[in-house]
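Here the structure is a predicted model, which is why all the values come from computation and not from measurement. Numbered from 1 within each chain, the chains take letters A, B, ... in sequence-line order.
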Amino acid sequence: MVKTSSRWTNLAFQLLAIILALGFTSLVMVLAKADPLEAYRNIVMGSVGSLNKFSDVLVAWVPLLLATSGLLVTYTAGLWNIGVEGQITLGAIFTTWALRVLQDSALSPALIILIGFISGALGGMLWASVVAFLKIYGGVNEIFGGLGMNFVATALTIWLIFGPWKRPGIGSMSGTEPFKEALWLPTFPGLRISPWSVVVGIVGIVVIYLLLQGTYFGLKLKAVGRNRRAAFLLGIPTTQYMWMAFLLCGLFAGLAGAVQVLGVYHRLIPSISSGYGFLGMLVAMLINYQPTWAAPVALFFAALNIGSIQLPIVMKLDSTLSGVLQGALVLSVLLMDGVRQRLMQRR
Amino acid sequence: MDTTLIIGIAGILASAGPIVFAAIGETIIERAGVINLSVNGAILLTAMAGFAVGVSTGSVLLGMLAGALIGALVALIVAFASITLKQSQVAVGFVLALLCRDLAYFLGNPYMGLSGPRLPHLPIPGLADIPVLGTIFFQHDLMTYMSFVLIVLAYVYIFRTRPGLMLQGIGERPAAAYVRGANVNLLRYVYTVIGGALIGLAGPMYSLSVKAGWKGTISGLDGIGWIALALTIFGGWNPLRAALGAYFFAFLQWLGLVLQPSLPNIPSQVLQVAPFPLMILTLLLVNIGNAEWVDRTLAGLPERTRHALARVLRAMRTSPPAALGMPFEKE
């Protein structure tokens with residue numbers, strides 16, 4: 001009985017949080033002299049208004065879900081892997097690199113794409129291992145190590161696009177020369193989404209779900225995240241577990257970068273990560289770091305991103321409105337959770 | 001001395017001003033035991049808001065004031081969520097960093113590319129005419145002078161006054177400070193809000209002076225807040241060292257601009273981020289003394305080398321306030 005009542009209060013507070021976030025975002029729009037209802041309607045129509053739009057949502061969903069999946073591992077280990085953005089970027093760089101080397105070889109396109117995925121995963125792991133190394137052996141907090149590596153990754157991308165990998169003639173912000181179509185992930189006819197990337201995304205979150213909820217590894221990782229010292233005293237090799245968490249997250253982030261190159265842009269562009277790393281951190285916070293709701297919440301966030309793309313054209317509003325709504329949502333959920341706990345304590 | 005060099009130094013001092021404000025603001029907050037990760041978003045939001053208020057009212061002072069108020073408000077949310085609601089400070093700060101950034105870009109859209117007021121130059125009569133030193137120190141705007149004053153003021157306050165001692169106390173040993181009669185949580189609120197107001201001044205210092213105007217995502221301000229956070233650590237929670245870090249960072253950015261023409265093969269964006277890896281390296285240097293394996297390695301070395309190395313490490317090393325990020329509960 002007590003359980004169910006606390007479950008209902010939980011739900012009530014979460015609903016309240018959503019109302020608070022919508023209220024705040026509406027207020028912001030009123031400040032910008034825009035009609036909130038029209039904006040929300042545009043976002044809904046722009047994301048699920050047609051099969052085409054919804055397939056675009058899925059295009060954003062896959063890398064976001066992959067980033068979230070990886071982050072769930074580092075969060076479980078009690079690590080703030082802010083470097084996930086750079087890890088996605090390095091994944092994209094490594095995938096592009098592999099494709100550039102192999103595109104004129106005799107290998108079959110399917111094999112080249114597979115190698116592209118693997119190199120992407122390696123790139124993400126490489127960047128994550130720098131952060132892990134700085135954290136574990138240098139005492140540099142992973143937040144600052146990660147942020148620094150994000151900036152380095154961006155610089156590396158821009159240098160490659162304007163330097164060694166520039167288009168014939170002159171380099172430009174539009175990115176490197178697109179790959180030939182044989183090396184694109186095959187899509188559903190007439191749509192931009194590839195069944196293969198959807199498969200990668202779903203397999204990814206299922207693997208993470210099973211790993212965290214159903215294995216000893218997941219259990220021990222939780223112990224490391226809750227209390228590193230106690231876990232160490234209980235005989236868990238905490239250093240190794242932290243390494244594993246960083247490398248796994250890097251692997252998933254790298255795959256997200258590979259999907260961006262192979263299935264979305266077909267080349268390297270300056271903002272190849274599309275901010276999915278930071279957005280994935282928000283998704284993970286919103287689902288309280290539990291994998292169960294990762295897929296639907298990531299889908300909702302992807303829908304907000306895609307739905308707001310046309311706001312600048314239709315309503316002359318900046319498309320960062322989706323970011324405002326996403327941030328407000330996570331913040332009010334955190335605040336409401338705190339309020340709920342406080343009220344419970346009083347009772 | 002060469003005039004371009006003198007003007008260069010003066011420029012570095014001015015362009016480091018906002019970073020000095022942000023890093024010292026964060027230093028004060030963290031000294032009180034609270035981590036405020038929202039700095040990057042707060043700087044962008046206050047830069048936009050300060051500029052918008054400046055454009056609408058024509059008053060730079062109102063623009064600065066708006067920045068300070070919004071900065072204080074953002075910090076207040078961090079304080080409320082972490083002190084009163086006991087939520088993760090890192091989580092709330094990070095969300096605010098993203099939310100404020102997107103708010104800045106969304107609300108700042110109509111102000112993009114407008115021309116607005118600028119902080120006037122205020123050469124100090126008499127002092128400004130001193131050769132070399134006059135140009136370097138005494139031909140700035142009001143806020144740059146304030147940044148010089150702030151460094152000294154914050155240093156003296158934290159290390160040389162009784163309330164400053166209490167500030168250190170609530171971040172190091174809140175229980176002991178509580179026994180001494182300090183209202184730990186109230187003081188943490190106060191210092192977080194004060195620090196937030198200082199961070200909030202950094203934004204308009206950019207948009208009304210150092211990088212006048214608002215250009216949305218290409219304003220070049222995204223990332224500065226993270227640097228300010230890193231400088232807080234690099235500075236060992238000491239305003240003097242944090243300020244030195246800010247000047248070093250501004251120097252590196254200036255160097256990037258100066259070297260640009262002689263390195264035509266490197267895109268300007270690459271040189272602009274050059275300070276970031278250097279920042280990681282310095283963080284590594286100041287933190288490495290805290291790592292366990294260093295102690296173990298040192299123990300195995302011959303005595304004389306060990307002593308010398310240990311001294312070097314100790315000189316570089318910084319460690320955070322002991323209760324940083326931990327909520328305080330009486331009982």
Expected output: side-chain [X] to main-chain [Y] donor-acceptor under 3.5 Å:
X        : Y        : answer
B:Arg31  : B:Pro321 : no
A:Asn42  : A:Leu311 : no
A:Thr176 : A:Leu268 : yes
A:Glu142 : A:Asn81  : no

Which one, [options], leads in non-hydrogen pairs under 4.5 Å with chain B?
options                                : value
A:Ile82, A:Ile143, A:Leu325, A:Thr154  : A:Ile82
A:Pro312, A:Gly338, A:Gly327           : A:Gly338
A:Val152, A:Leu147, A:Ile161           : A:Leu147
A:Pro270, A:Gly139, A:Gly163, A:Gly138 : A:Gly138

Minimum heavy-atom distance [X]-[Y], with the two atoms named:
X        : Y        : result
A:Thr157 : A:Ile269 : CG2-O, 3.6 Å
A:Ala245 : A:Leu79  : CB-CD1, 4.2 Å
A:Leu321 : A:Ala39  : CD2-CB, 4.3 Å

> Is it the side chain or the backbone of B:Thr84 that comes within 4.5 Å of chain A heavy atoms, both, or neither?
Replying inline: both
> Side chain, backbone, both or neither: which part of B:Leu98 has a heavy atom under 4.5 Å from chain A?
Replying inline: side chain
Heavy-atom distance under 4.5 Å to chain B: side chain of [X], backbone, both or neither?
X        : value
A:Phe24  : side chain
A:Trp159 : both
A:Asn141 : neither
A:Leu334 : both
A:Lys316 : backbone

>> So which residue, B:Leu96, B:Ile77, B:Leu229, B:Val90, ends up with the most heavy-atom pairs under 4.5 Å with chain A?
In response: B:Val90
> Top residue by heavy-atom pair count (under 4.5 Å) with chain A, among B:Ala91, B:Ala81, B:Pro110?
Replying inline: B:Ala91
> For the rings on B:Phe94 and A:Phe278, is their centre-to-centre separation under 6.0 Å?
Replying inline: yes
>> Less than 6.0 angstrom separating the ring centers of B:Trp226 and A:Phe151, yes or no?
In response: no
